[in-house]
Amino acid sequence: MDLVGSILNFVVPPASMVMLAFAWPTLSFIHALEWFFKTLNRDNMENKVVLITGASSAIGEQLAYEYARRKANLVLVARREHRLWGISDNARLLGAKHVLVMAADVVKEEECRRFIYDTINYFGHLHHLVNTASLGHNFYLEEATDPSVFPHMMDINFWGNVYPTYVALPFLRQTRGRILVNASMESWLPMPKMSLFAAAKAAVINFYETLRLEVRDEVGITIATHGWVGDDINRRNFMLEEGTEIHWKEERDQVATSGGHVEELAKLMVAGACRGDAYVKRPSWHDVFLLYRAFAPDVLNWTFRLLLSDHGAKPTAPRSQPIEAAGSPPRRAIAFSPASPPPPQQIAK
């Protein structure tokens, strides 16, 4: 068996590449036909019920506006309730029939039950669950002064998807609804300073890929993978109050990034969900790196070491010390930068 396995290790990869090369034109043609027919039969969202988590900013906010333009009924969920009221007013102006605002923390299963059940009690059904609550970062792992905060990155980016999905799934089955997931290309494309975020997003994608097989055609799942988006980028310190409530101390200095506009991504995501697409990718050319990762990982590693040579060096400055916030309850302040303040590169997905 060891000999057979060794032979297959040499034969299967190149044979698969040859087969893929010949099959690619046919697969592209089939995909184009599939896209065309799905476009003709896309969901009409008028009067449908859409629940969006993480709706207070960035992608979540723009998704609310896109669904509003399609005259859907919206349920906006986030911790920052004060931001949701302005977004709900804008959504109504854009065409949303009814908009509910609910303050909740998606990493708490009981709060997810509350806002899902409140939605069902008010509207009677749920058609689209849109999970966008996400927490990005831009720091080296060694720069964190307190590793006890690491699980919170997984809580928001992973369990913040699992809990709403778990509670909403029976109601989505009743309407043959759809789940729209905010993932990221960093789940498989290595980027320095994003190790925890990448690990959490990889878990999210694997969770929904497996769930897709479990629910079959009863509930659709659209996974959006994208690069950096920049309409909610600001300088932030990661603060943990006692009781592990996560808060942001924000400076609203917005910075443009190379990933494109969040509004364009939101349009693609909603259009893909309404068509029933399994994936929404922006930019799609990033997929080529998947082939390198599977068949030539060394080439991918060398390429990124060269391209990111200025950004991937090991930090040499000492870790900064925890900071006490005056005039507030006891907190642990986690500085993600060396001794000097960081540039405004904290990224919110």
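Predicted model only: the values in this text are computed from it and were never measured.
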Requested in this report: Step by step, work out the salt bridge (charged side-chain N to carboxylate O under 4.0 Å, His left out) result for E209 and R212.
Outcome: CA-CA 5 Å; E209 292 284 11; R212 197 198 306 275; 3.6 Å; yes
Roughly how far, to the nearest 0.5 Å, is [atom2] of [Y] from [atom1] of [X]?
X: L76; Y: W85; atom1: CG; atom2: CH2; value: 9.5 Å
X: I156; Y: T53; atom1: CD1; atom2: OG1; value: 11.5 Å
X: R80; Y: I87; atom1: CZ; atom2: CD1; value: 8.5 Å
X: L129; Y: L180; atom1: CG; atom2: CG; value: 9.0 Å
X: N47; Y: H98; atom1: CG; atom2: NE2; value: 8.5 Å
X: T225; Y: Y279; atom1: OG1; atom2: OH; value: 9.5 Å

Close side-chain approach of [X] and [Y], heavy atoms under 4.5 Å:
X: E264; Y: Q62; answer: no
X: L211; Y: I221; answer: yes
X: E46; Y: K97; answer: yes
X: F150; Y: L196; answer: yes
X: L51; Y: H128; answer: no
X: V49; Y: Y122; answer: no
X: E110; Y: Y163; answer: no
X: V162; Y: F207; answer: yes

**Report entry** salt bridge (Lys or Arg N to Asp or Glu O under 4.0 Å) contacts touching residues 12-28 (sequence neighbours left out)
**Finding:**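 Salt bridge (Lys or Arg N to Asp or Glu O under 4.0 Å) check on residues 12-28 returns no pairs.
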Considering non-hydrogen atoms only, spot the tightest contact between [X] and [Y] and give its length.
X: A103; Y: R114; result: O-NH2, 2.7 Å
X: C274; Y: M45; result: SG-CG, 3.5 Å
X: V50; Y: A72; result: CG2-CB, 4.0 Å
X: I52; Y: L63; result: CD1-C, 4.0 Å
X: L74; Y: A96; result: CD1-CB, 4.1 Å
X: G60; Y: T132; result: CA-OG1, 3.5 Å

Requested in this report: Can you sort out the partners of R70 under salt bridge (Lys or Arg N to Asp or Glu O under 4.0 Å), two or more places apart, ordered by chain and number?
Outcome: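 Applying salt bridge (Lys or Arg N to Asp or Glu O under 4.0 Å) to R70 gives none.
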Requested in this report: Starting from the C-alpha separation in whole Å, work towards a yes-or-no answer on salt bridge (charged side-chain N to carboxylate O under 4.0 Å, His left out) for R113 and E109.
Outcome: CA-CA 6 Å; R113 287 191 180 276; E109 187 263 347; 2.3 Å; yes
**Report entry** salt_bridge(K193, E143) N-O dist < 4.0 Å
**Finding:**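 E143 and K193: not salt-bridged.
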Query raised in the report: Should E66 and R69 count as an ion pair when the cut-off is N to O under 4.0 Å?
Result: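 Yes, this pair counts.
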[X]-[Y] side chain donor-acceptor pair, cut-off 3.5 Å:
X: S56; Y: R79; answer: no
X: K201; Y: S134; answer: yes
X: Y208; Y: T165; answer: yes

Name the atoms and distances for all side-chain donor-acceptor pairs under 3.5 Å in residues 167-176, with sequence neighbours left out.
from, atom 1, to, atom 2, distance (Å)
R173, NH1, E218, OE1, 2.5
T175, OG1, L126, O, 2.6
T175, OG1, L172, O, 3.4
R176, NH2, D217, O, 3.0

Requested in this report: Please test V219 against R178 for side chain to side chain contact (heavy atoms under 4.5 Å, CB included), starting from the C-alpha separation and ending with a verdict.
Outcome: CA-CA 5 Å; V219 177; R178 176 160 292 271; 5.8 Å; no
Query raised in the report: So I179 and T222, side chain to side chain contact (heavy atoms under 4.5 Å, CB included) or not? Walk me through it.
Result: CA-CA 6 Å; I179 302 169; T222 298; over 6 Å; no
Query raised in the report: Would you say N157's side chain and L135's backbone share a donor-acceptor pair under 3.5 angstrom?
Result: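 Yes: the side chain of N157 pairs with the backbone of L135.
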Query - Donor-acceptor contact present, side-chain K48 to main-chain N44, <3.5 Å - result: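 Yes.
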Query raised in the report: Can you tell me if OH on Y166 sees more than 12 non-hydrogen neighbours from other groups inside 6.0 Å?
Result: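 Count not over threshold, so no.
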Query - side chain to side chain contact (heavy atoms under 4.5 Å, CB included) between L100 and F115, worked out - result: CA-CA 10 Å; L100 299 185; F115 66 70; over 6 Å; no
